[in-house]
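Notes for the one structure printed next.
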Amino acid sequence: QVQLVESGGGLVQAGASLRLSCAASEHKFDNYAMGWFRQAPGKERTFVASINRSGDKTYYAESVEGRATISRDNTTNTVYLQMNNLKPEDTAVYYCAVYKALVYTRLLVALGTQYDSWGQGTQVTVSS
């Protein structure tokens, strides 16, 4: 199973930017599409963004479209989530995960059940 470690979270003011990182232990990292999810206090975990194996196909949740950019570096086994113009409603624990489904579609990438090997999460707190 792939081990994932997220980092880069923190406490920022509204309007600030953060870049989250997710380092994977798997040497065949480019075999996997990846995704970011988040979970706010008292709420369900929700999809944020995903990226395919080669990095040329991405999907985003409507709530972050235009403010978030997911990318990956297959040479360092790392996936990134750049978040700009952060809002208080972005406050959550952010998780990365390995996409396990055989097909990469907008519908499936938004489902947490299509992922495994979740990281421990990194906290993002945005103050108003």
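These values consider heavy atoms only, across backbone and side chains, with no hydrogens, waters or symmetry-generated copies.
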Problem set entry | Audit row: Thr122, Val93, side-chain contact (heavy atoms from CB on, under 4.5 Å) steps and yes/no | CA-CA 5 Å; Thr122 185; Val93 178; over 6 Å; no
Problem set entry | Least distance between heavy atoms, Ala14 atom then Pro88 atom |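 In terms of heavy atoms, the two residues are closest at CB-CD, 4.2 Å.
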Under 6.0 Å from the [atom1] atom of [X], do we count more than 12 heavy atoms belonging to anything else shown?
| X | atom1 | answer |
| --- | --- | --- |
| Arg67 | CZ | yes |
| Gln13 | CD | no |
| Lys100 | NZ | yes |

Exercise. Going through the checks in order, is the side-chain contact (heavy atoms from CB on, under 4.5 Å) test met by Leu20 and Val124?
Worked result: CA-CA 9 Å; Leu20 309 182; Val124 172; 4.0 Å; yes
Exercise. Mind checking whether Tyr104 and Tyr59 have ring centres under 6.0 Å apart?
Worked result: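 When the ring centroids of Tyr104 and Tyr59 are compared, they turn out to be within the sub-6.0 Å range.
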For this session: Assert yes or no for the condition that the ring centre distance of Phe37 to Trp118 is strictly below 6.0 Å.
Result: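 Judged by ring-centre distance (under 6.0 Å), Phe37 and Trp118 do meet the cut-off.
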Has [X] got a side-chain atom pairing as donor or acceptor with [Y]'s backbone, closer than 3.5 angstrom?
| X | Y | answer |
| --- | --- | --- |
| Glu6 | Cys96 | yes |
| Thr125 | Leu11 | no |
| Thr78 | Thr76 | yes |
| Asn52 | Ala33 | no |

[atom1]-[atom2] distance between [X] and [Y], expressed to the nearest 0.5 angstrom:
| X | Y | atom1 | atom2 | value |
| --- | --- | --- | --- | --- |
| Lys28 | Asn77 | NZ | CG | 12.5 Å |
| Thr69 | Gln82 | OG1 | CD | 6.5 Å |
| Asp90 | Leu18 | CG | CG | 9.5 Å |
| Gln123 | Gln39 | CD | CD | 10.5 Å |

Can you find a heavy atom in the side chain of [X] that is under 4.5 Å from one in the side chain of [Y]?
| X | Y | value |
| --- | --- | --- |
| Ser17 | Leu86 | no |
| Val48 | Tyr60 | no |
| Tyr115 | Phe47 | yes |

Problem set entry | Phe29 and Arg72: CA distance, side-chain angles, deciding distance, side-chain contact (heavy atoms from CB on, under 4.5 Å) verdict | CA-CA 10 Å; Phe29 179 67; Arg72 67 189 296 161; 3.3 Å; yes
Same cluster for [X] and [Y] if Ile/Leu/Val/Met/Phe/Trp/Tyr side chains link at under 4.5 Å?
| X | Y | answer |
| --- | --- | --- |
| Tyr94 | Tyr99 | no |
| Ile51 | Tyr95 | no |
| Val2 | Val5 | no |
| Leu107 | Leu102 | no |
| Met34 | Trp36 | yes |

Exercise. Given Val64 and Arg38, is the side-chain contact (heavy atoms from CB on, under 4.5 Å) satisfied, shown in steps?
Worked result: CA-CA 11 Å; Val64 302; Arg38 65 187 181 185; 3.8 Å; yes
